[in-house]
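One structure is given below, encoded as structure tokens.
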Amino acid sequence: MVESFVADVMSILTTVFLSGDLVSTILAFVVAIGAAFTMNRFGQIWGVSLSALVIYGLLNLALGVFRVAGTDQPMTIGQKIEASWSRFMGMTAGGLLGYFLAFLIVIVVVFLIRSAIKRT
């Protein structure tokens, strides 16, 4: 059971980082690194990770309005918002878990590096 869970999580993380959408991946890293710099103590990791996930979701929603792919016809701003919202609402629980874990890992690594540099 544990092996199955770990395999599922690794599959989700691989999908998150290797999804082929470079702009979204860079956006995720920028949000995670920014969140790590706002964290004052390690006990805040859960709240900061969740906040980073929400901020990333909102930024990704806004990004989707500016680039809606897969159509040759011009779209109104309302249609772009609707298409972006549909893509946003199509995220699965597994995808959200993958993003949450990815944010958690990046935030922890950046926080530990930042803490080590502060101590010296």
Side-chain angles (χ1 to χ4, degrees):
M1 181 171 164
V2 172
E3 294 87 11
S4 174
F5 176 74
V6 170
D8 288 343
V9 169
M10 291 305 294
S11 171
I12 290 168
L13 289 176
T14 303
T15 302
V16 167
F17 286 117
L18 303 175
S19 67
D21 187 7
L22 185 62
V23 174
S24 292
T25 304
I26 291 171
L27 184 65
F29 275 113
V30 168
V31 168
I33 291 169
F37 279 102
T38 65
M39 202 164 80
N40 294 324
R41 60 183 199 284
F42 196 76
Q44 296 174 318
I45 186 65
W46 302 108
V48 170
S49 297
L50 184 60
S51 298
L53 181 64
V54 169
I55 291 169
Y56 172 73
L58 293 173
L59 289 174
N60 206 14
L61 180 65
L63 181 66
V65 170
F66 293 109
R67 79 171 172 177
V68 177
T71 181
D72 293 334
Q73 298 178 342
M75 298 174 77
T76 65
I77 190 70
Q79 290 171 328
K80 287 182 179 183
I81 291 171
E82 189 173 324
S84 179
W85 183 254
S86 295
R87 190 174 63 93
F88 179 70
M89 293 304 288
M91 290 184 75
T92 63
L96 288 173
L97 174 65
Y99 276 107
F100 181 77
L101 290 175
F103 282 128
L104 188 87
I105 291 166
V106 172
I107 290 169
V108 164
V109 168
V110 171
F111 178 76
L112 290 176
I113 291 170
R114 190 182 117 211
S115 296
I117 290 173
K118 272 184 154 178
R119 287 185 191 163
T120 59

Considering all heavy atoms of both residues, which atom of A32 and which atom of I107 are nearest to each other, and what is their separation?
->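 Result for this residue pair: O-CG1, 3.3 Å.
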
Which atom names give the shortest non-hydrogen contact between L63 and S24, and what distance separates them?
->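 Smallest interatomic distance, heavy atoms only, reads CD2-OG, 4.3 Å.
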
Partners of E82 by side chain to side chain contact (heavy atoms under 4.5 Å, CB included), sequence neighbours excluded?
->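 By the side chain to side chain contact (heavy atoms under 4.5 Å, CB included) rule, E82 matches no residue at all.
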
Pairs of donor and acceptor atoms involving the side chains of residues 109-118, under 3.5 Å and at least two apart or interchain, shall be tabulated with distances.
{"from": "R114", "atom 1": "NH1", "to": "A36", "atom 2": "O", "distance (Å)": "2.8"}
{"from": "R114", "atom 1": "NH1", "to": "F37", "atom 2": "O", "distance (Å)": "3.3"}
{"from": "R114", "atom 1": "NH1", "to": "M39", "atom 2": "O", "distance (Å)": "3.1"}
{"from": "R114", "atom 1": "NH2", "to": "M39", "atom 2": "O", "distance (Å)": "3.2"}
{"from": "S115", "atom 1": "OG", "to": "F111", "atom 2": "O", "distance (Å)": "2.9"}

Hey, can you pull the donor-acceptor pairs under 3.5 Å for the side chains in residues 49-59, sequence neighbours left out?
{"from": "S49", "atom 1": "OG", "to": "I45", "atom 2": "O", "distance (Å)": "2.8"}
{"from": "S51", "atom 1": "OG", "to": "G47", "atom 2": "O", "distance (Å)": "2.9"}
{"from": "Y56", "atom 1": "OH", "to": "N60", "atom 2": "ND2", "distance (Å)": "3.4"}

4.5 Å side-chain heavy-atom contact, V108 and F42 | yes

